[in-house]
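Note sheet for the following structure.
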Amino acid sequence: MRFIKTIAMLAAMGSDIGIGAASVFRPTKPPAVPLAVRSPYLNAWLQGESGCVLPGEWPRFWTGDIQGWQGYVAVDGVAYNWMGGAPGPGPVNQLSLEYTSTKSIFTFDVAQKITLTVTFLSPVYPDDIQRQSLQFSYVTVTAKSSDGASHKVQVYMDVSGEWASGDNSEKVQWEFGTESNLYYLKFWRENQHEFKEANEIASWGNWYLSTGFHEGLTWQIGQDTTVRNQFAGNLTLSNSQESEFRPVSENWPVFAFSHDLGNIKDDEVERIFTLGLIQDNVIHFARQNNTLEPVQGLWMSFYNNSDMEAVVSFYNDYRHAVETMSLLDQRIEKDSVEVAGQNYSLITTLALRQTFGAFQYAGTPENPYIFLKEISSNSDIQTVDVIFPAFPIFVYLNATLSRYLLDPLFEHQESGSYPNKYAEHDLGTFPVAKGYPSGDDEAMPLEECGNMIIMSLAYAQRTGDTGYLTAHYPILAQWAQYLIEDSLVPANQLSTDDFAGTLANQTNLAIKGIIGLKAMSQIAQLTNNTDDFKDKAEDYLMTWKAYAINYDASPPHTTLSYGDKDSHGILYNIYADRLLGLQFVDQSVFDMQSDFYLTVANEYAVPLDTRHTWAKSDWEMFAAAVAKNETKEMFIDKLAEWVGKTTTNRAMTDLFDSITGDYPSGGPTFVARPVMGGMFALLALPKE
C-alpha cells in the first residue's frame with residue numbers, strides 16, 4: 001500500500017502548537033475528500049487545493065461553493081480550529097487522513113496534549129433500501145490524552161444556512177428542539193419551491209444538525225461571529241437563539257452545538273453528530289400520459305412520514321452503521337486486492353461514496369425507484385449512458401438496484417410518451433423527470449439501445465429475474481430492430497463521449513450495437529421468443545472485424561472509425577461481452593487491443609482516442625478488466641498514480657488529460673459524477 005506525504009500548509013497559533021508537521025495520507029492523497037456524501041443534495045467535500053488538510057478550510061458542495069461547516073476544539077481553556085475557514089482560533093496540526101469506502105478519518109494533534117480523531121461516515125447500504133433512503137451522514141469526534149496528563153476538553157460544531165439554499169439572498173428560518181435522547185437544530189429555506197434548485201442546491205426540505213444529549217451539551221443559533229466567539233471565549237454556548245429570521249448572507253446565521261467532554265486522561269471520549277436533509281416529495285415524474293406527478297421519498301414509507309422518527313432513528317442506528325460499514329469497507333478492499341492489487345483498492349474505495357452520492361431513493365417499498373443525477377455535466381436525470389458506465393458497481397454489490405434505475409426509463413417509454421423508435425437518452429433535468437414527448441432529447445440512438453439491452457440482460461442474469469425481460473420484451477425487441485438497422489455501419493451520431501462530437505462509422509459504437517444484438521438473442525431465448533438476432537449478430541461481427549481492424553499497423557489495432565488507419569481509440573465496449581459471459585467477440589480481438597494499449601500509453605492513462613490526449617477513467621477500467629495481466633496492471637497503476645498526483649483538486653473527475661493529469665484544456669470539467677461506478681468493472685465480471 002502506498003503512503004504519500006504532503007506538507008500541511010498550516011500556520012501555528014502560538015508556541016502551544018509548534019510547527020505544523022507533514023500529514024500522512026492512506027492509502028494516498030485523493031483529489032478531494034468526501035465528507036458528507038449521500039445524495040445529490042448532501043454532497044460536501046474537502047477540496048484538494050488545501051492539500052487535503054481540513055483545519056482552516058471550508059468544506060464545499062460538489063459545485064465548489066462553500067458550505068459553512070466549522071469545527072473547534074478547546075484544550076485547557078485554549079480554542080483551536082479543526083475544520084472550517086472562520087477567522088479566530090488557530091489550526092490544530094493534522095497528523096493523517098485515511099479514507100475507506102465509507103469513511104474519511106482525520107487525526108489531529110492539539111497542542112501536543114490531545115489526539116483528536118474526526119470521522120466522517122457516509123453509509124452505503126446496497127442491501128438495505130430503508131437505511132439508504134435517508135439523506136443523512138455521521139460525524140464523530142473522539143478525544144484522547146496524548147501526553148498521559150489530564151486535560152479539559154470541549155468540542156464545537158456549527159453549520160450555516162448555505163446548506164439550505166443555493167441563493168444566499170433567500171431567507172432561512174430555524175428552531176431548536178429535543179426528541180427522546182436527541183437535541184436538534186432545524187433550519188430551512190422560508191420560500192420553499194418543490195422540485196426547484198438554486199445553484200444545484202434543493203430549494204425545498206428541512207435540514208437537521210443533531211447530537212445526543214450528554215452532560216455539558218449546549219447549543220446556540222445566531223450570527224456566525226457571535227456564536228463562534230461565544231465558544232472561543234467561554235468554552236460553552238448560550239442555549240439561546242436569535243428571533244429574527246433573515247437571508248443566508250445577512251449576518252450569516254449559524255446553528256451550533258458544543259460538548260464539554262470534561263477531564264480526559266486515560267479514556268477516549270466520543271461525541272456523535274448527524275447532518276442531513278428531509279424532503280417529503282423528491283422527484284417530479286411523468287409516469288403515464290406525460291403527466292407529472294410527485295414521487296415521495298422512499299424514507300417516508302419506513303418512518304411513518306415523520307421527520308423526527310427518521311432523524312432519531314438515524315442517530316440511534318450509529319453503532320449498526322459502524323459495524324456494517326466496516327464489513328463493507330473490508331469486503332471492497334479485500335476483493336479489490338485479490339483481483340488486481342493494492343493500487344486497484346485505492347481506486348475502488350474512493351469511488352463508492354461518489355457513485356451513491358448521485359442517487360435519490362424514491363417511491364414505496366413495493367415500487368422503489370432510484371433516480372440518478374448526472375452531476376456536473378448537465379444535471380440530466382436518469383441518463384442511460386451515465387447509468388451504463390456506473391453499472392458495474394450494481395452488478396458487484398447488488399444487481400437488484402439496477403432494476404430500480406431502469407424501471408423509470410421503461411415505465412416512461414412504455415407509456416407511449418416518447419415518440420422515437422430508439423431508446424430515450426434521459427428523462428429531463430433533475431429532479432424533474434418529464435421525458436421528451438416531442439422526441440427532442442440528445443440523440444444517441446445506437447448508444448442507448450445497446451445500453452438498455454445489455455443492462456437488462458445483465459440484471460436478469462445476476463438476479464434470475466427473467467420475468468423482467470418478458471415484461472419488457474416488446475420494447476427491447478423494438479430497440480434491437482434499431483440495432484439491426486444501424487449498428488454495423490453507424491450513421492453520423494453521438495456516442496456517450498459526446499464532448500468529442502459526432503462521428504460516422506464509429507468502430508467502438510458499432511461493436512456495442514453488435515454485442516447488443518447478441519444479448520438480445522439471449523433475451524429471446526430466455527423468454528421463449530423467436531430468436532431473430534443470433535445470426536444477424538454473428539454476421540455483423542465478421543464484417544465488423546474486416547471494417548474495424550487495421551491489420552497493417554504494427555501492432556495491429558482497431559481504428560476509431562472505419563477506414564481511418566491513422567486513428568485509434570480504447571475499445572471499451574467489448575467489456576459488455578465478458579460482463580454478460582457471451583464469449584462472442586474473438587479472444588484475439590481482446591489480446592490485440594491489450595498489446596496495442598501498451599504502445600500508446602501516456603503518463604497517466606491511455607488516451608480515449610486520437611482526437612485528443614484526454615482520458616476517461618471509467619473506460620480505462622472497462623479496458624483493464626478484459627486485458628492481459630500486464631496491460632491490466634498498466635491501466636491500474638497509471639490511474640492510481642493519477643489519483644495521488646492530479647491537480648484537479650475536486651471530487652474525482654472521470655475526464656482528464658493523460659499527459660498532464662489536469663482537466664482537459666478546452667474541454668469540460670467533470671466532477672463528482674456517478675460514472676465512477678465503473679471503477680468496479682473488474683469486480684463485476686462473472687466468477688470463473
Side-chain angles (χ1 to χ4, degrees), residues 13 35-36 44 54-60 65-75 77-92 110 116 118 139 141 143 152-165 168-178 182-190 206-261 271-276:
M13 187 195 79
L35 299 178
L54 187 60
E57 293 292 331
W58 289 121
R60 294 175 184 267
D65 292 332
I66 289 171
Q67 293 196 297
W69 199 0
Q70 183 64 51
Y72 295 135
V73 58
V75 176
V78 180
Y80 306 91
N81 180 327
W82 60 262
M83 174 176 66
V92 298
V110 189
L116 191 74
V118 179
V139 185
V141 181
K152 289 190 63 63
V153 179
Q154 295 83 24
V155 295
Y156 167 99
M157 181 188 294
D158 77 48
V159 292
S160 76
E162 289 159 295
W163 295 77
S165 177
N168 288 342
S169 68
E170 286 290 331
K171 185 181 290 187
V172 289
Q173 298 186 4
W174 53 77
E175 68 180 41
F176 161 78
T178 64
L182 201 67
Y183 278 45
Y184 66 86
L185 302 171
K186 174 183 175 182
F187 58 103
W188 63 97
R189 176 174 159 145
E190 181 176 85
N206 299 319
W207 285 87
Y208 290 87
L209 177 66
S210 306
T211 192
F213 175 76
H214 295 270
E215 190 70 31
L217 171 65
T218 55
W219 61 274
Q220 190 169 342
I221 300 174
Q223 184 175 348
D224 56 347
T225 53
T226 301
V227 175
R228 292 164 183 164
N229 289 340
Q230 166 69 26
F231 175 79
N234 300 284
L235 312 181
T236 187
L237 297 175
S238 65
N239 292 329
S240 66
Q241 58 184 311
E242 294 182 7
S243 59
E244 182 185 350
F245 301 139
R246 56 185 183 271
V248 172
S249 59
E250 184 179 311
N251 293 325
W252 299 97
V254 298
F255 316 96
F257 283 117
S258 170
H259 283 282
D260 189 334
L261 307 186
R271 294 293 181 263
I272 304 165
F273 300 87
T274 63
L275 175 64

Legend entry - Sidechain-backbone polar pair: E162 side chain, G68 backbone, donor-acceptor under 3.5 Å: yes

Legend entry - Heavy-atom donor-acceptor pair, Q70 side chain to M83 backbone, under 3.5 Å: yes

With rounding to the nearest 0.5 Å, note down the distance linking [atom1] in [X] to [atom2] in [Y].
X: L209; Y: Y184; atom1: CG; atom2: OH; result: 13.0 Å
X: S160; Y: F187; atom1: OG; atom2: CZ; result: 7.0 Å
X: F245; Y: Q173; atom1: CZ; atom2: CD; result: 5.0 Å
X: F257; Y: T218; atom1: CZ; atom2: OG1; result: 9.5 Å
X: L237; Y: Q220; atom1: CG; atom2: CD; result: 5.0 Å
X: R271; Y: S258; atom1: CZ; atom2: OG; result: 10.5 Å

Where do [X] and [Y] come nearest, in terms of heavy atoms and distance?
X: D158; Y: A256; answer: CB-CB, 3.6 Å
X: P89; Y: A232; answer: CG-CB, 4.0 Å
X: N239; Y: L217; answer: OD1-O, 4.4 Å
X: A74; Y: L235; answer: CB-CD2, 3.5 Å
X: N206; Y: K186; answer: CG-CE, 3.6 Å
X: N81; Y: A86; answer: ND2-O, 4.0 Å

Legend entry - Chi angles and distances behind the side-chain contact (heavy atoms from CB on, under 4.5 Å) call for L275, W163: CA-CA 10 Å; L275 175 64; W163 295 77; 3.6 Å; yes

Inset, instruction - Check step by step if ring-ring contact (aromatic ring centres under 6.0 Å, His included) holds for Y183 and H259. - result: CA-CA 12 Å; Y183 278 45; H259 283 282; 9.0 Å; no

Inset, instruction - Let me see the working for Y156 and V227 under side-chain contact (heavy atoms from CB on, under 4.5 Å), right down to the final yes or no. - result: CA-CA 10 Å; Y156 167 99; V227 175; 3.5 Å; yes

Legend entry - Within-4.5 Å side-chain heavy-atom neighbours: W207 and V172: no

Legend entry - Non-hydrogen side-chain atoms of L54 and W82 separated by less than 4.5 Å: yes

Legend entry - Step-by-step side-chain contact (heavy atoms from CB on, under 4.5 Å) determination, T236 to D260: CA-CA 8 Å; T236 187; D260 189 334; over 6 Å; no

Legend entry - Among E244, E242, E250, the one residue meeting side chain to side chain donor-acceptor pair (under 3.5 Å) with R246: E242

Inset, instruction - Tell me, please, which residues at least two apart from N234 pass side chain to side chain donor-acceptor pair (under 3.5 Å). - result: Q230

Inset, instruction - Under the side-chain contact (heavy atoms from CB on, under 4.5 Å) rule, collect the residues that match up with I221, sequence neighbours excluded. - result: W174, L185, W219, Q241, F255

Legend entry - For E170, all residues meeting salt bridge (charged side-chain N to carboxylate O under 4.0 Å, His left out), sequence neighbours excluded: R189

Legend entry - From CA spacing to verdict: side-chain contact (heavy atoms from CB on, under 4.5 Å), Y80, L116: CA-CA 11 Å; Y80 306 91; L116 191 74; over 6 Å; no

